[in-house]
Every structure is written in C-alpha cells, then in structure tokens.
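Residues take their numbers from the sequence shown, with the count starting at 1.
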Amino acid sequence: MNLSLKTTRAKSNLVVFLSALTLSGCSGKYEQVRFTSSEQSRYAAILASDRIRKDNFFKRDPASPLTSDERKSFEHLSYFPPDFNLIFKVRLIQNVKPGNTSIQATGGETRSAVRFGTFEFAVDGKPVRLTIYKMSEDASNELFLPFKDLTCGVDSYAGGRYLDLEENSSQEYVLDFNYCYNPYCSYNHGYSCPIVPEENRIDVSIPAGEKLLGK
C-alpha cells in the first residue's frame, strides 16, 4: 500500500506573484489579501494554469492516484470558483502545546507530527483557529494544514482537505484556500492519508479549492 502523505501538486507561480503585491506586515493576527482588478485577473490566470497542470498530472502521469482505467475516462478535477475573500495573510501563533503529537491515518496507522503553531482569522465574521503541523516523516521545509469545514461531505471530500505551506523565518504566511486539495485516498482507497484532527474541524464553510469529482 502506498502511504503517500499528501497530494503532489505542481509548482506554482503564485508565490512569486503574491510576493510582488504590496503586502504590509500583519498589524494583528491576520489580514485579507486585497487585489486590484488587474491583479485579480492575473491571479485567476495563474490559478487556472495550475489547475490545468494538475489535471494533466492526474490524466497522464503514472504516479497519478487514478488507476490506468480511470485515467482513460478522466477529464478534469472539480473546483469551487476562485474566492478572493478566502486569501489571508496570517501571523503564526506559536503558543501551542509543545511536543510531539500523533495523527491517525485512513489505513489504520498513526503519523508522528509536531504542532508547529496556529493561525487565527475570520470567515464571514466567524472566528477560525487552525493548527499547522510539521510531519516527522517529511524532511522538507513544508508545513501541513489539514482541515474539515462545512462543505465536507456535501461539495467537498467528507474526510477534509489539505493545504501545504513553506516554512519561513518571517512568521507570516499567505493562507490561500483556493489551493486546498483532496488527499489521494479520496480518489483511490489504496492510499492511506492523515485524518483531520479534531482541533481542525471548523464550523464554517470554506467554498474554495478542490471539490468532489463531478460536483
């Protein structure tokens, strides 16, 4: 069984684009990223290009989670439309319970992780707090943000979705839910994926990012 931690996603030009925007430091725990109309158009084009690359990976790459028969009939993944209200600049809050933790996986095993910090922001006026993790088995500088919101089991995968972030020294991150994605186990039960911890199951809808196939 392939115990893939999370979906491989294409390298994006988004980080370069966002770094070119005028993003002042967070005055508090978070700020919404604001775009001009031309910046929105540029962002939408980058997002669309990244989604096409991911579709091509699912369709043609032998490392795709789809079986060879499924790849023959596969056309494209399903997504929510881009939502500019669900892109935040957030400050990492590090006053979390220290030490290691374990995250259950769908295959029955547990994965070792470290609580790296939390992000606090608001969606439709409702406060949200999410814990971000550093997975012990991942030697890269990637951080792992699993979450389960009210769209899960309706329009998006019932088990929750993931976001990946690159660790940095500024303690500030862009949290873009248009890039949240489904784990491989949502497409192929031969994969085992981390289950969203209870602390990251939130009582708000995040109608952005990847949906269930056919939705």
Closest heavy-atom contact between [X] and [Y]?
{"X": "R111", "Y": "A105", "answer": "NE-CB, 4.1 Å"}
{"X": "A113", "Y": "M135", "answer": "CB-SD, 3.7 Å"}
{"X": "A63", "Y": "Y191", "answer": "O-OH, 4.2 Å"}
{"X": "R115", "Y": "E199", "answer": "NE-OE2, 3.2 Å"}
{"X": "R161", "Y": "F80", "answer": "NH1-CE1, 3.8 Å"}
{"X": "P194", "Y": "I103", "answer": "CB-CG2, 3.9 Å"}

Should [X] and [Y] be regarded as members of a common hydrophobic cluster, given that ILVMFWY residues are connected when their side-chain heavy atoms come within less than 4.5 Å of each other, either directly or indirectly?
{"X": "V90", "Y": "V123", "answer": "yes"}
{"X": "I202", "Y": "L145", "answer": "yes"}
{"X": "I93", "Y": "L143", "answer": "no"}
{"X": "Y187", "Y": "I195", "answer": "no"}
{"X": "I206", "Y": "L150", "answer": "no"}

Output yes when a side-chain donor or acceptor of [X] lies under 3.5 Å from a complementary backbone atom of [Y], and no otherwise.
{"X": "Q40", "Y": "S37", "result": "no"}
{"X": "D69", "Y": "K72", "result": "no"}
{"X": "K59", "Y": "F74", "result": "yes"}
{"X": "S140", "Y": "E142", "result": "yes"}
{"X": "R71", "Y": "L66", "result": "yes"}
{"X": "S156", "Y": "T151", "result": "yes"}
{"X": "E172", "Y": "R91", "result": "no"}

Pairwise distance [atom1]([X]) to [atom2]([Y]) - rounded to 0.5 angstrom:
{"X": "D176", "Y": "L86", "atom1": "CG", "atom2": "CG", "result": "8.5 Å"}
{"X": "C180", "Y": "Y162", "atom1": "SG", "atom2": "OH", "result": "12.5 Å"}
{"X": "T118", "Y": "Y133", "atom1": "OG1", "atom2": "OH", "result": "10.5 Å"}
{"X": "I46", "Y": "S41", "atom1": "CD1", "atom2": "OG", "result": "11.0 Å"}
{"X": "L163", "Y": "L175", "atom1": "CG", "atom2": "CG", "result": "6.0 Å"}
{"X": "C185", "Y": "H189", "atom1": "SG", "atom2": "NE2", "result": "8.5 Å"}

With side chains defined as the heavy atoms from C-beta onward, is the minimum distance between T106 and Y184 less than 4.5 Å?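 No, side chains not in contact.
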Is any side-chain heavy atom of L77 closer than 4.5 Å to one of L213?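 Yes, their side chains come closer than 4.5 Å.
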Run K54 and E210 through salt bridge (charged side-chain N to carboxylate O under 4.0 Å, His left out) and show every step you take. CA-CA 11 Å; K54 187 168 183 179; E210 209 166 303; 2.8 Å; yes
Check whether more than 12 heavy atoms from other residues, nucleotides or ligands sit under 6.0 Å from atom CG of N141, and answer yes or no.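 Buried by this count: over 12 neighbours within 6.0 Å.
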Show which side-chain atoms of residues 125-132 pair as donor or acceptor with protein atoms under 3.5 Å away, not counting sequence neighbours.
residue	atom	partner	partner atom	Å
R129	NH1	E120	OE2	2.4

Taking ring-ring contact (aromatic ring centres under 6.0 Å, His included) as the test, write out the residues that go with Y157, two or more places apart.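 Partners of Y157 under the ring-ring contact (aromatic ring centres under 6.0 Å, His included) test: none.
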Kindly assign one of parallel, tilted or perpendicular to the pair F88 and F121, based on the angle between their ring planes and the thresholds 30° and 60°.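 Rings of F88 and F121: tilted, as their planes differ by 30° to 60°.
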Centre of Y79's six-membered ring, under 6.0 Å away, within 45 degrees of the axis: is that where NZ or CZ of R51 sits?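 Pair R51/Y79 counts as cation-pi.
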Taking the six-membered ring of Y30 as reference, does the NZ or CZ atom of K89 fall below 6.0 Å from its centre and within a 45° cone about the axis?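 Geometry flag: not set, cation outside 6.0 Å or 45°.
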Do [X] and [Y] get their side chains close enough for a donor-acceptor pair, meaning under 3.5 Å?
{"X": "N178", "Y": "Y43", "answer": "yes"}
{"X": "Y181", "Y": "D164", "answer": "yes"}
{"X": "E109", "Y": "S192", "answer": "yes"}
{"X": "S102", "Y": "T110", "answer": "no"}
{"X": "R60", "Y": "S64", "answer": "no"}

Start with the C-alpha gap between E39 and R34, add the side-chain angles, then the distance that decides, and say whether side-chain contact (heavy atoms from CB on, under 4.5 Å) holds. CA-CA 9 Å; E39 288 168 345; R34 303 295 182 186; over 6 Å; no
Run the side-chain hydrogen bond (donor to acceptor under 3.5 Å, both in side chains) test on S112 and S136 for me, step by step, so that the C-alpha distance in whole Å, both residues' side-chain angles and the decisive distance to 0.1 Å come before the verdict. CA-CA 5 Å; S112 297; S136 301; 4.8 Å; no
NZ/NE/NH1/NH2 to OD/OE distance under 4.0 Å, E167 and K134: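 Result for this pair is yes, salt bridge flagged.
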Looking at E198 and R201, does any basic side-chain N land under 4.0 Å from a carboxylate oxygen?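 The answer is yes: the pair qualifies as a salt bridge.
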Does the gap between the ring centers of F116 and F144 come in under 6.0 Å?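 No, too far apart.
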With sequence neighbours excluded, what pairs up with N188 under the side chain to side chain donor-acceptor pair (under 3.5 Å) test?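 Applying side chain to side chain donor-acceptor pair (under 3.5 Å) to N188 gives none.
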